[in-house]
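What follows is one structure encoded as structure tokens, with my remarks underneath.
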Amino acid sequence: MKISIKNLSRKNILLFQEYQSARKIGGIGDIWLNANECPIGLFFNLRNFCFNRYPECQPKSLILKYSKYSQIPDKNILVTRGSDEAIELLIKTFCSPKKDNIITFPPTYSMYSKIAEIYGVNNKQIPILFDKKLDILNIKLHLNNVKLIYICRPNNPTGHIINKFDIIRLLQITTHKCLVVIDEAYIEFCYEYNLSHLLLEFSHLVILRTLSKSFGLAGLRCGFTLAHSDVIGLLRKVITPYPLASPVIDIASQALSHKYIHVMYKKVFVLNQNKLWLLDQLSKLHIVKKIFESKSNFILVKFFSSLNIFKTLWDKGIIVRNQDHEYGLNQCIRISIGTKQECFHLIQVLKRIYN
Ligand SMILES: *Cc1c(COP(=O)(O)O)cnc(C)c1O
């Protein structure tokens, strides 16, 4: 009898719709504003060219550098292959398939739900209330069998910041019940909102960071998890033996030197300026219905006819991210902040569509 390979797969994988990364969606163009990457690349030299030995699982010197940068003790830091690995590692470590749940707040970064689905872990979705508030009453009702609550702050793709008061309320009602994971992938664009100081007070708080966005190292694949040493200890048991390639450790260590941290903050400043300019320009266009307030390096924009606009930009080689299919985001497009020239070019093209 001929057996189809597909029959060997877990059933939920057959039904699973994979995460559509910006790279998978593709496009042909010269202006890439679809993955929230830093538009300016940096150049590094490898300091070691010999690769016969395995790297350290948790490279001490890199962790000490991140400790110095983040002001968080090294025992509270885990380094991973991008923060996407940490999102998965948390589910692998804390959630039993078909039993435990996670909570997410749509519209948000969809990797939380995608990874949960792969592992057979149910995702209870609780929409954000107006005015960036958490629906605390509703969350309280749904805490049964919940192990992880993922909050993206600032949120991708809307750019909003859930208010700190609600986060503290959430931490209070979840003590001894589950972990609260705050994804701070974009925190350097609004560092005054970072919550790492709460780690001392709440042992069930987990903070995710990455070098992919503000540091401009999306291609490096390096992220950091900040948490109580008990949480870090469990994650260290589960993580693969060699999660980071030696060149990644080398370059990440260089990127966390005083000099490059300074470069990073200068780039953040410039991108935040570009964002203000772009906001001002977009607000004058009649094709724009609404602009979401963003603390991040992207802006979510609601148009009157977003699919048209997406297609026109695409055809002109300006690749942005369509969000029309996401919860509550019909007619919305997410635009990453590019260089001043890229922002300028985008506005020129949008003005021509309107005329
Ligand atoms: C880009 C992004 C990540 C992924 O970060 P990597 O470190 O590149 O894996 C995680 N969370 C959010 C919210 C993001 O937007």
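Note that ligands are numbered from 1 as they come in the structure, with each ligand's atoms numbered from 1 the same way.
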In ligand 1, which numbered atoms sit nearer than 4.0 Å to a non-hydrogen atom of Y109?
-> 2 (C), 3 (C), 4 (C), 10 (C), 11 (N), 12 (C), 13 (C), 14 (C)

Run the numbers for me: atoms of ligand 1, each under 4.0 Å from some heavy atom of R221, listed by number.
-> 6 (P), 8 (O), 9 (O)

What is the closest protein heavy atom to atom 15 (O) of ligand 1, and at what distance does it sit?
-> Y186 OH, 2.6 Å

Pick whichever of R209, R81, K213 has a heavy atom sitting closest to atom 2 (C) of ligand 1.
-> K213

Are N12 and Y119 linked by a side-chain donor-acceptor pair shorter than 3.5 Å?
-> no

Protein heavy-atom partner closest to atom 5 (O) of ligand 1 - residue, atom, separation in Å = S83 OG, 3.0 Å

Ring-face cation contact, Y66 with K68, 6.0 Å cut, 45° max = no

Numbered atoms and elements of ligand 1 in range of A185, under 4.0 angstrom, heavy atoms = 11 (N), 12 (C), 14 (C)

Give a yes or no answer on whether the side chain of R321 reaches the backbone of S336 with a donor-acceptor pair at less than 3.5 Å.
-> no

Are R334 and N156 close enough that a side-chain donor and a side-chain acceptor fall under 3.5 Å?
-> yes

Among side-chain atoms of N101 and N122, is any donor-acceptor pair under 3.5 angstrom?
-> yes

Using a distance-only test with no angle check, is there a side-chain donor-acceptor pair under 3.5 angstrom linking T158 and N155?
-> yes

For S212, atoms of ligand 1 separated by under 4.0 Å from a heavy atom = 6 (P), 7 (O), 8 (O)

What protein heavy atom sits nearest atom 11 (N) of ligand 1, and how far away is it?
-> D183 OD2, 2.6 Å

Non-hydrogen atom of G223 closer than 4.0 Å to ligand 1 = no

For C152, take its heavy atoms, then give the atoms of ligand 1 lying under 4.0 Å from any of them.
-> 13 (C)

